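Notes to accompany the following structure.
Values in this document were obtained by computation on a predicted structure and should not be read as measured data.
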Amino acid sequence: MSCAGVGILYVGVNPLTAALGAGNLVLYTSVYTPMKRISILNTWLGSVVGAIPPLMGWAGCTGSLDAGALVLGMILYSWQFPHFNALSWNLRPDYSRAGYRMMAVTDPALCRRVALRHTGIITATCAASPYLGVTNMWFAIESLPLNIYFMYLAWQFYKKSDSGSSRKLFRFSLIHLPALMLLMLVNKKYWSSPSSQEQDVTMQDVAKVTDKRIAVLPRGPVVAAQDSDKDFVN
């Protein structure tokens, strides 16, 4: 199934998307999963795994990785820390018995700090999105209340470090991401790819040129280009 999936991406989409998919498959199965029993770095690596699918989507549509891919990837990367750290908080006994090296088990204070830190990174990324040409300024304004509340819940989790605050943070994370993606979709900078826009501009230029006609004066070798909707006067 893995070979078939990567092959379909290569033939039906493009080589860049297929390469990202193949790399993510190896990263998840051969690096991230075994690392769960070795080091808490598995959470950071797992966030990379979760950030690659939006890069694949962007590469599949545009054939490249540019500022839009960076914004989407950073949001998905950072979102996973408050999401997973809050989820793992109430599962600490299970992780401990299973032998998994999670932040919530080995370093609870770090678990809470990282969750709070990345809600701030999400807020900063959304604020920078208009300046990177991915969305308009309305996205930065409309996403701010959503992100501030996300930061507030992460702060509560950091201060209280109890089951109630972790559950609130986790549940809101399930609302936060689709709401943020919807705002980004509504407020995206362009509703077509740059190549499509360039093609439209070229076609308009061609239309203007073809709308001209060449008129040769009867006396002298002067050639004049005039609009077709105007009468020629000698």
Side-chain angles (χ1 to χ4, degrees), residues 20 23-24 27-28 31-32 35-36 39-59 65-89 101-104 106-161 165-189:
L20 288 170
N24 213 26
L27 195 64
Y28 188 92
V31 184
Y32 165 63
M35 191 179 287
K36 289 181 179 181
S39 171
I40 63 172
L41 292 177
N42 72 82
T43 304
W44 279 269
L45 192 60
S47 294
V48 173
V49 171
I52 289 180
L55 301 185
M56 294 174 63
W58 193 275
L65 297 176
D66 50 24
L70 175 64
V71 170
L72 283 175
M74 182 57 68
I75 289 176
L76 263 294
Y77 174 80
S78 292
W79 174 85
Q80 290 172 88
F81 287 98
H83 170 75
F84 178 73
N85 287 14
L87 171 65
S88 65
W89 189 260
R101 306 281 295 176
M102 298 298 177
M103 273 188 286
T106 61
D107 197 339
L110 179 65
C111 176
R112 302 194 306 274
R113 286 199 307 271
V114 170
L116 177 60
R117 183 184 305 147
H118 280 275
T119 56
I121 293 175
I122 292 173
T123 304
T125 304
C126 292
S129 179
Y131 300 98
L132 295 174
V134 181
T135 65
N136 57 35
M137 189 58 69
W138 283 109
F139 172 72
I141 298 173
E142 293 169 0
S143 64
L144 190 58
L146 195 69
N147 291 330
I148 288 178
Y149 187 64
F150 203 24
M151 292 177 63
Y152 168 77
L153 293 179
W155 172 256
Q156 292 292 104
F157 174 55
Y158 173 74
K159 296 294 290 184
K160 295 181 179 180
S161 64
S165 60
S166 66
R167 285 194 182 95
K168 288 180 181 179
L169 179 60
F170 170 73
R171 288 169 181 167
F172 185 74
S173 70
L174 301 176
I175 301 172
H176 174 269
L177 185 61
L180 199 64
M181 292 296 102
L182 181 61
L183 287 176
M184 183 173 284
L185 173 65
V186 172
N187 295 289
K188 64 181 180 177
K189 186 73 172 179

(request) Say whether, by atom type as modelled, one donor and one acceptor occur between the side chain of Asn85 and the main chain of Cys111 under 3.5 angstrom. (result) yes
(message) Evaluate Met137 against Asn187 for side chain to side chain contact (heavy atoms under 4.5 Å, CB included), listing each step before the verdict.
(response) CA-CA 8 Å; Met137 189 58 69; Asn187 295 289; over 6 Å; no
(request) Answer with yes or no after comparing the ring centroid distance for Trp155 and Tyr152 against a 6.0 Å cut-off, counting only values under it. (result) no
(request) Could you check whether the rings of Tyr149 and Phe172 sit parallel, tilted or perpendicular, using 30° and 60° as the cut-offs? (result) perpendicular
(message) Return the CD1 to CE distance between Ile75 and Met181, rounded to the nearest 0.5 Å.
(response) 4.5 Å
(request) Considering non-hydrogen atoms only, spot the tightest contact between Pro130 and Ala127 and give its length. (result) CD-O, 3.3 Å
(request) Please list, chain by chain and in numerical order, all residues satisfying side-chain contact (heavy atoms from CB on, under 4.5 Å) with Lys36, sequence neighbours excluded. (result) Tyr32, Asn42, Tyr100, Met102
(message) Using every non-hydrogen atom in the two residues, find where Pro54 and Leu76 come nearest and quote the distance to one decimal.
(response) CG-CG, 3.8 Å
(request) Indicate the atoms forming the closest heavy-atom contact of Thr135 with Ser129, along with that distance. (result) OG1-OG, 3.0 Å
(request) Would you please name every residue forming a ring pair (Phe, Tyr, Trp, His ring centres under 6.0 Å) with Trp58, sequence neighbours left out? (result) none
(request) Give, for atom CG of Leu27 and atom CG of Leu45, the distance between the pair rounded to the nearest 0.5 Å. (result) 4.5 Å
(message) To check you understand the geometry: which heavy-atom pair defines the closest contact between Leu65 and Ala59, and what is its length?
(response) CD2-CB, 4.0 Å
(request) Look up atom CZ in Phe139 and atom NZ in Lys188, then write down how far apart they are to the nearest 0.5 Å. (result) 13.0 Å
(request) Say whether, by atom type as modelled, one donor and one acceptor occur between the side chain of Ser173 and the main chain of Phe170 under 3.5 angstrom. (result) yes
(request) Kindly give the heavy-atom pair with the smallest separation between Leu180 and Ser143, and that separation in Å. (result) CD1-CB, 3.7 Å
(request) Could you grab the distance from atom CG of Leu169 to atom CG of Leu116, nearest 0.5 Å is fine? (result) 9.5 Å
(request) Measure the spacing between CZ of Arg101 and CG of Asp107 and express it to the nearest 0.5 Å. (result) 10.5 Å
(message) Could you walk me through whether His118 and Tyr77 satisfy the side chain to side chain contact (heavy atoms under 4.5 Å, CB included) test, starting with their C-alpha distance in whole Å, then the side-chain angles of each, then the deciding distance to 0.1 Å, before giving a yes or no?
(response) CA-CA 9 Å; His118 280 275; Tyr77 174 80; 3.8 Å; yes
(request) Check the pair Leu144, Thr123 against side chain to side chain contact (heavy atoms under 4.5 Å, CB included), reporting the backbone distance first and the verdict last. (result) CA-CA 7 Å; Leu144 190 58; Thr123 304; 4.1 Å; yes
(message) Treating Gln156 as the side-chain partner and Ser165 as the backbone partner, does any N or O pair qualify as donor plus acceptor under 3.5 Å?
(response) no
(request) Please round to the nearest 0.5 Å and tell me the distance separating atom OH of Tyr158 and atom CZ of Arg117. (result) 10.0 Å
(request) For Thr125 and Ser78, run side chain to side chain contact (heavy atoms under 4.5 Å, CB included): C-alpha distance rounded to whole Å, both residues' side-chain angles, the deciding distance at 0.1 Å, then the answer. (result) CA-CA 10 Å; Thr125 304; Ser78 292; 5.7 Å; no
(request) Give the minimum heavy-atom separation between Leu174 and His83, together with the two atoms involved. (result) CD2-CE1, 3.6 Å
(message) Could you work out, with ring pair (Phe, Tyr, Trp, His ring centres under 6.0 Å) as the rule, every residue matching Trp44, not counting sequence neighbours?
(response) Phe81
